[in-house]
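Chain letters run A, B, ... following the sequence lines, proteins first, then strands; residues in each count from 1.
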Protein chains: 2
Amino acid sequence: MEDVAGLAGVSAMTVSRVLNAPEKVRPETRARVLAAVQELGYRPNFAARSLVTGRSGVLGVVSMDTTLYGPASTLYGIERAARQHDYLVSIASLQALTRRSIAEGVERLRSQSVDGVIIIAPHESAAEGLRHLPKDLPVVDVGGGEGVPVPVAAVDQASGAARATRHLLSLGHRTVWHLSGPANWIDASGRIRGWRSALEAEGCEIPEPLVGDWSAQSGYEHGRRMAHDPEITAVFAANDPMSLGLLRALREAGKRVPEDVSIVGFDDVPEAAYFWPPLTTVRQNFGEVGGQALQLLLDRIGGVEGDVRRMVEPELVVRESTAQRR
Amino acid sequence: MEDVAGLAGVSAMTVSRVLNAPEKVRPETRARVLAAVQELGYRPNFAARSLVTGRSGVLGVVSMDTTLYGPASTLYGIERAARQHDYLVSIASLQALTRRSIAEGVERLRSQSVDGVIIIAPHESAAEGLRHLPKDLPVVDVGGGEGVPVPVAAVDQASGAARATRHLLSLGHRTVWHLSGPANWIDASGRIRGWRSALEAEGCEIPEPLVGDWSAQSGYEHGRRMAHDPEITAVFAANDPMSLGLLRALREAGKRVPEDVSIVGFDDVPEAAYFWPPLTTVRQNFGEVGGQALQLLLDRIGGVEGDVRRMVEPELVVRESTAQRR
DNA sequence: TTTCCGAGTGTTTGCGATAACACTGCCGCT
DNA sequence: AGCGGCAGTGTTATCGCAAACACTCGGAAA
């Protein structure tokens, strides 16, 4: 910086100003400095800057499995939004969502002095972890449940599930079976709640939900059993991979979809439109969730207080896996 | 740090030593310092440390679409490996893989003084970008093509494609059609190369490859056309989503898989085993690639020179979408 | 006994930037 | 003419840490 200042014939302070508050420097001086910066290929030293300002311009994201469609898309959305606000994103992925591992991940990020952290933790065991966070660090949760002591951005799972269920009921099905996600997952219980309340609202019988583990395999296994029950004409599966397994199991057992059984999934993964038949499913706008989470975090960093929940509405995408009951 | 030193009755320098080179401090002194660190909840200041050491302990990853299975898994592998080496990972995602956008992404990371960068750029247009990188920054490329001026870690696409093709030929198919990825993708051309050379080795006719765009949709569209050609009994699709589209198109047209047409995919996404029929495909170990890339980068950071290529062998996973020709 | 060595610890300095404050002219007001 | 104010710039102090070098002291070697 000293060199740049020398070349431009000004003091180091002025160089700093040109970079951080250009309007405070007379245009011609500014131009000289900028030219010097160019010529010397000067780049401000990040460490020195954040040492003195106390901020780093880096945000952290803690997540469990960034390989899954949901977390990956959310992360992507966060990164995109962060870029627009001139923040960089660092990641800490976890093996499990325990209180301990969350604390570890946050700690790793914090030791690199991130300005704030977004935790993607759609699991109930994470809530505990969220309660024991350092309170001097701005934190936002994505997809978290009720009663979490930090701001939350999430898709309204219950609403999406209710839409899916009502869609099936509107097609004349007497009730809707549910292939749920594993217990303890916030998303799973939200979807169960929405499904159940939609059935209740119509006075329908509420079957016991079948519990899967998000995998296509679990959908397949449940599907094999369900195929033998002629009562089952409509199934709401809690995600698309399970729907895929379900589709295959039903087909193998000679059931036709949607003629014999209608199926609705959840997520709208890019392939869902090319399942056979194309899957009716609930689209989650993960990018939007990521953006909202980032906004909440920036607010927190900016000193805004309060526990906020930002809910994003999902959207039912009707394709060909659902049809009028016959 | 001063406070910790005071509490432990030592100088600040000793505290620093306890943290960075514990063996140079007498055990009892060390214990006193550690106790003081505990008591005061002291955490070293990252900015100050990297200001004086010149290193940040942060690596950057530049990638285009971290939502896709391949890049997402690679990123995950990199992060896991980085964690083991006490590095943190920052990400910069790109809209497109042009020379300009790559330069921008690298610049964003560099301005936060990352110690090195891994670029996930399976596109030929990226090669140009890789050629114009600042040479004072350690860079490693994942999935890059030949002639790239930086170390590369990648799956051996040609080898995987050849395996897939030989598998189909060994089942008695006279030749194998190929549904390829889009031109300009390194992976796509590698797979074409492997497929072609396997056919050549057996003296088979080499059909013109059909060019898709990785999406299930493009697989579906090509599939609809292919379904009418009775000559086509074996298809090697360049990824799993295209295989999915292909499967559906063939089924819709009344073709049976694998009885009438055998199909092999590429990737082994988690759902592949639950396609209908379960997909024979080539598994890429992205985690391994990520780990190798990280190792290369650490070598570079450590001062090791030379253009290295680390190839990871893919593996053929035989399921039920392939059968003896009838 | 003296000398030397080295393990363990302290002191000083500087990393590169910004914040806070101080200075310099010039302008317009009284 | 004299003063205040303000835009533009410079000076100084400081952020928290580690590198380099200096010091101390006890034990081994001469």
Side-chain angles (χ1 to χ4, degrees), chain A residues 1-58 86 88 107 109-115 134 136-137 301, chain B residues 1-58 86 88 110-115 136-137:
Chain A
M1 191 157 129
E2 209 69 45
D3 297 347
V4 172
L7 183 57
V10 297
S11 76
M13 191 62 238
T14 298
V15 177
S16 170
R17 272 192 277 257
V18 168
L19 267 32
N20 299 304
E23 75 284 359
K24 294 193 175 175
V25 176
R26 196 160 6 117
E28 63 249 41
T29 316
R30 195 191 310 161
R32 276 211 322 283
V33 170
L34 255 18
V37 165
Q38 271 294 320
E39 178 163 345
L40 299 181
Y42 164 78
R43 340 171 16 78
N45 180 300
F46 166 73
R49 175 177 282 180
S50 64
L51 177 59
V52 70
T53 60
R55 290 169 315 99
S56 66
V58 179
D86 281 320
L88 212 61
E107 198 48 35
L109 291 167
R110 205 154 87 111
S111 74
Q112 311 281 330
S113 71
V114 295
D115 293 341
D136 58 340
L137 180 73
I301 292 174
Chain B
M1 192 155 128
E2 210 70 44
D3 298 346
V4 172
L7 184 57
V10 297
S11 76
M13 190 63 238
T14 297
V15 177
S16 170
R17 270 192 279 256
V18 168
L19 268 32
N20 300 302
E23 76 283 358
K24 294 192 175 175
V25 176
R26 201 167 355 126
E28 63 249 42
T29 316
R30 197 190 309 160
R32 275 213 321 282
V33 171
L34 256 18
V37 166
Q38 271 292 321
E39 179 164 343
L40 299 181
Y42 165 78
R43 342 172 13 79
N45 179 298
F46 166 72
R49 175 178 281 181
S50 65
L51 177 59
V52 72
T53 60
R55 290 170 315 98
S56 65
V58 179
D86 281 320
L88 212 61
R110 205 154 87 112
S111 74
Q112 311 281 333
S113 71
V114 295
D115 292 341
D136 58 341
L137 180 73

Minimum heavy-atom distance between A:Leu109 and B:Leu88, given as atom pair plus value: CD2-CD2, 3.9 Å
Can you measure A:Glu23 atom CD to D:dT9 atom P for me and round it to whole angstrom units? 13 Å
Given D:dC15, D:dT9, C:dT11, identify the nucleotide with an atom nearest to the side chain of A:Val52. D:dC15
Side chain of A:Ala48: nearest nucleotide among C:dA20, C:dA17, C:dG8? C:dA17
Does OP1 or OP2 of D:dG16 have a side-chain N or O of B:Arg49 closer than 4.0 Å? no
Assign B:Met1 to base, sugar-phosphate, or nothing according to its heavy-atom contacts below 4.0 angstrom with the strands shown. sugar-phosphate
In this structure, how many angstroms lie between the C1' atom of D:dA18 and the CG atom of B:Leu51, rounded? 10 Å
Could you tell me whether A:Tyr42 contacts a base, only the sugar-phosphate backbone, or nothing, with contacts defined as non-hydrogen atoms closer than 4.0 Å? sugar-phosphate
Please determine whether a side-chain nitrogen or oxygen atom of B:Asn20 lies at a distance below 4.0 Å from atom OP1 or OP2 of D:dA18. yes
Rounded to whole angstrom units, what separation is found between the CD atom of A:Glu28 and the P atom of D:dT9? 8 Å
Roughly how far, to the nearest 0.5 Å, is OG of A:Ser16 from CZ of A:Arg49? 7.5 Å
When you check the phosphate oxygens OP1 and OP2 of C:dT9, does a side-chain N or O of B:Thr29 lie under 4.0 Å from one of them? yes
Closest to the side chain of B:Ser16, out of D:dA18, D:dG16, C:dT9, is D:dA18
Drop me the distance from B:Asn45's CG to B:Ser50's OG, to the nearest 0.5 angstrom. 8.5 Å
If you check every side-chain atom of A:Thr53, which of C:dT18, D:dA18, C:dG8 has the closest atom? C:dT18
Spacing of A:Arg26 atom CZ relative to D:dG10 atom C1', expressed in whole Å: 14 Å
Looking across every strand, which nucleic acid part, if any, lies under 4.0 Å from B:Arg55 by heavy atom: base, sugar-phosphate, or nothing? nothing
Is the shortest heavy-atom distance from the side chain of B:Leu19 to the side chain of B:Tyr42 under 4.5 Å? yes
Starting from C1' on C:dG16, measure out to CD on A:Glu2 and report it in whole angstrom. 10 Å
With respect to the phosphate group of D:dG10, does any side-chain polar atom (N or O) of A:Thr14 fall under 4.0 Å of OP1 or OP2? yes
On DNA chain C, more 5' by nearest nucleotide between B:Val25 and A:Leu19 is B:Val25
Separation of atom CD in B:Gln112 from atom P in C:dA17, rounded to whole Å: 14 Å
When you get a sec, tell me which of C:dG16, C:dG10, D:dC17 is the closest nucleotide to the side chain of A:Asn45? C:dG16
Rounded to whole Å, NZ of B:Lys24 lies from P of C:dG6 at a distance of 14 Å
Donor-acceptor pair (no angle test) under 3.5 Å: B:Arg17 side chain, C:dG10 base: yes
Rounded off to whole Å, could you give me the CE-to-P distance for the B:Met13 and C:dT11 pair? 12 Å
Check this one for me: any side-chain N or O of A:Ser50 less than 4.0 Å away from OP1 or OP2 of C:dA17? no
The single option from A:Arg30, A:Lys24, A:Glu28 that satisfies side chain to side chain contact (heavy atoms under 4.5 Å, CB included) with A:Arg26 is A:Glu28
Measure across B:Met1 and B:Met13 and return the closest heavy-atom pair with its distance rounded to 0.1 Å. CE-N, 4.5 Å
